[in-house]
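Just so we're on the same page: letters track the sequence lines, and every chain starts at 1.
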Number of protein chains: 2
Amino acid sequence: MTPVTIAVVNDYPLVVSGLARLLAGDERVRVVELVLGTGPESDPDIVLFDAFGCLDRLGGDIAELRRGTPGGRFVVYSWNADERLVRTALDTGADGYLSKRVDGRELVDALLRIHAGETVVIGGEVAEGREPGDWPGHDAGLTAREAEVLALITQGLTNEGIAAQCHLSINSVKTYIRSAYRKIGVERRAEAILWGVEHGFLQPRPWRVPTGL
Amino acid sequence: MTPVTIAVVNDYPLVVSGLARLLAGDERVRVVELVLGTGPESDPDIVLFDAFGCLDRLGGDIAELRRGTPGGRFVVYSWNADERLVRTALDTGADGYLSKRVDGRELVDALLRIHAGETVVIGGEVAEGREPGDWPGHDAGLTAREAEVLALITQGLTNEGIAAQCHLSINSVKTYIRSAYRKIGVERRAEAILWGVEHGFLQPRPWRVPTGL
DNA sequence: GCGCACCTCACCCCTGAGGATGATTCCATC
DNA sequence: GATGGAATCATCCTCAGGGGTGAGGTGCGC
């Protein structure tokens, strides 16, 4: 029997390596790395994503990848398994949600069940306190929407881009931005971006083309 | 030569495995896992901690562990390399701060330097001494003025602020900005800031406390 | 029921940011 | 001494970004 191929998308080497090692002993699964936008992809059975708290982009990404990998299953794989994030992820087309806290046997089991067609959520409850189920910026009093919009600002999108990405009117986007600015104590987009950078809103982004050079 | 022993304290299997695998090819280092409060510990050379954002307990933990491992080096190993966290960690007794985003060679290098007695911070924005004629962005074809203006943009200043800071007319500032944008291949200030962040233009600076709440 | 927080959107208004273009003065280099 | 890059500034124009305000809808808790 050929192993189930698990692809990790756009995540850090530490995570990719860790997953590979956690699954290394089991011949039923096999881990590959996947970087968006780098030409012809392999054809994995399961694609693991970390949306890093920004789930709106996720829907689009999944839709796009699904075109290339029709039979694939798309699963959010994140440190943050906040209930609302889980729900949003499933609503936007994810086939499952796995916490990065999940260990070997349970993880393999979940992956196999996902491959079999189940929708699996593991890690939905916060088990042990540390790093509670917060989206980034939650402790600054940001609502999920505000954090989301801030995350997109931190990624360099324009208001219009954010509106398109989130399926919102540009006026709503502005409203969230203003309200977020007030909460994090900034006045300009530039400051908001720096705040985002310093608070972990910045995704690892191998898909961003380094210009020039 | 015996390898430098790296202990990961109380972290998730994904992280421990990932680190072990990232360092697996190098005989100069060796990874072990460490769980606090489980009897006699091994005697690692370097202890990696994730305080998960709550640094208040870190000082105590380090002090306690240091009693058991007198020669050991204690390093915070975290996803979040926020400046303030870095500074607090160093102030409370950490010997270094490593971002979990850091990859293989850089990571090994950092660990060896830490073992040699250096205090190493990687992943936070640390300004290191630069040679004259080696301003950041020089290799992208930026002139010194353009780089200077970009650096100030990256720090969140407005055009007017930059003009004041550099004793320039606001029109000159705009000219440099446009020219710099063309060279680094961006169109918006937001993108320029991200470019700056990714190219080391960000200077450490105290951040304002969010108002209200 | 009432209040409250959040999500959503609209309208107005103003300023900052950015593009295009051109001028001047240096200074190095060919 | 001509060419070219850089630094410096100006003028004109456009629009994205941001503030203020109000308002309808939902869902939750008291």
Side-chain angles (χ1 to χ4, degrees), chain A residues 54-56 59 82-85 87-88 91-92 134-135 137-196 211, chain B residues 132-133 135 137-138 140-196 211-213:
Chain A
C54 146
L55 289 176
D56 257 40
D82 183 271
E83 246 182 73
R84 300 177 69 165
L85 293 181
R87 204 168 312 133
T88 313
D91 287 350
T92 53
D134 289 338
W135 54 87
H138 188 200
D139 47 351
L142 296 177
T143 70
R145 263 300 194 218
E146 289 159 355
E148 197 179 336
V149 167
L150 257 190
L152 294 173
I153 281 190
T154 302
Q155 283 155 50
L157 296 205
T158 63
N159 290 352
E160 200 172 4
I162 296 170
Q165 191 87 197
C166 300
H167 309 286
L168 284 173
S169 127
I170 195 166
N171 294 299
S172 304
V173 172
K174 287 180 169 193
T175 302
Y176 295 130
I177 289 178
R178 277 197 299 278
S179 144
Y181 282 8
R182 247 176 276 125
K183 288 182 182 173
I184 66 175
V186 304
E187 287 181 337
R188 289 184 295 283
R189 180 168 287 242
E191 296 177 320
I193 292 174
L194 293 177
W195 190 93
T211 49
Chain B
W135 60 84
H138 191 197
L142 297 177
T143 70
R145 263 300 193 219
E146 288 160 355
E148 190 181 350
V149 167
L150 255 191
L152 294 173
I153 280 189
T154 303
Q155 282 158 53
L157 296 205
T158 64
N159 289 353
E160 200 171 4
I162 296 171
Q165 184 109 11
C166 300
H167 308 288
L168 284 173
S169 126
I170 194 168
N171 295 300
S172 305
V173 172
K174 287 180 170 192
T175 302
Y176 296 131
I177 290 178
R178 276 196 300 280
S179 143
Y181 282 8
R182 249 176 274 126
K183 288 183 182 173
I184 66 174
V186 304
E187 287 182 337
R188 289 184 296 283
R189 182 167 284 244
E191 296 175 322
I193 292 174
L194 293 177
W195 190 95
T211 55
L213 352 132

Quick one: which protein N/O atoms are closer than 3.5 Å to N/O atoms of nucleotides 23-30 of chain C? Pair and distance per line, please.
none

Could I get a table of every N or O pair under 3.5 Å where one atom is in the protein and the other is in nucleotides 12-17 of chain D?
unit_1: D/dG17; atom_1: OP2; unit_2: A/Asn159; atom_2: N; d: 3.3

Could you run down the sub-3.5 Å N/O contacts of the protein with nucleotides 21-28 of chain D?
unit_1: D/dT21; atom_1: O4; unit_2: A/Arg178; atom_2: NH2; d: 3.3

Polar atom pairs between nucleotides 3-7 of chain D and protein, under 3.5 Å, N or O only, would you list them?
unit_1: D/dA7; atom_1: OP2; unit_2: B/Thr143; atom_2: OG1; d: 2.7

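Atom P of nucleotide C/dC6 and atom CD of A/Glu148 are separated by 15 Å, given to the nearest angstrom. For A/Glu191 and D/dG18, the CD to P distance is 10 Å, given to the nearest whole Å.
Residues meeting the salt bridge (charged side-chain N to carboxylate O under 4.0 Å, His left out) test with B/Arg189, sequence neighbours left out: none. The side chain to side chain contact (heavy atoms under 4.5 Å, CB included) test applied to B/Glu187 returns B/Glu191, not counting sequence neighbours. Taking the side chain to side chain donor-acceptor pair (under 3.5 Å) definition, one finds that A/Ser169 meets it with nothing, sequence neighbours left out.
The salt bridge (charged side-chain N to carboxylate O under 4.0 Å, His left out) analysis of residues 161-172 of chain B, with sequence neighbours excluded, yields no pairs. Among residue pairs with one or both ends in residues 148-165 of chain B, those qualifying as salt bridge (charged side-chain N to carboxylate O under 4.0 Å, His left out) are B/Arg145-B/Glu148; sequence neighbours excluded.
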Checking B/Leu168 against B/Tyr176 for the side-chain contact (heavy atoms from CB on, under 4.5 Å) test, could you report, in this order, the C-alpha distance in whole Å, the side-chain angles of both residues, the deciding distance, and whether it holds?
CA-CA 11 Å; B/Leu168 284 173; B/Tyr176 296 131; 3.8 Å; yes
Checking A/Ser179 against A/Thr143 for the side-chain contact (heavy atoms from CB on, under 4.5 Å) test, could you report, in this order, the C-alpha distance in whole Å, the side-chain angles of both residues, the deciding distance, and whether it holds?
CA-CA 10 Å; A/Ser179 144; A/Thr143 70; over 6 Å; no
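In this structure, CD1 in B/Ile162 is found 5.5 Å from CG in B/Leu152, a value given to the nearest 0.5 Å. Here B/Leu150 contributes atom CG and B/Leu142 contributes atom CG; the two are 6.0 Å apart, rounded to the nearest 0.5 Å.
Regarding contacts with the backbone of C/dT8, every side-chain N or O of A/Ser172 stays at 4.0 angstrom or more from both OP1 and OP2.
Comparing the local axis fitted to the first five base pairs of the helix from C/dG1-D/dC30 to C/dC30-D/dG1 with the one fitted to its last five gives a bend of 40°, rounded to 10°.
Within the 4.0 angstrom heavy-atom criterion, only backbone atoms of the sugar-phosphate kind lie near B/Ser169; the bases stay farther away.
In terms of heavy-atom proximity, B/Ala180 sits nearest to B/Glu146 at CB-CB, 4.1 Å. The minimum heavy-atom distance linking A/Gly196 with A/Thr154 is given by the pair CA-OG1, 3.5 Å. Across every non-hydrogen atom of B/Ala190 and A/Gly156, the tightest pair is CB-CA, 3.9 Å.
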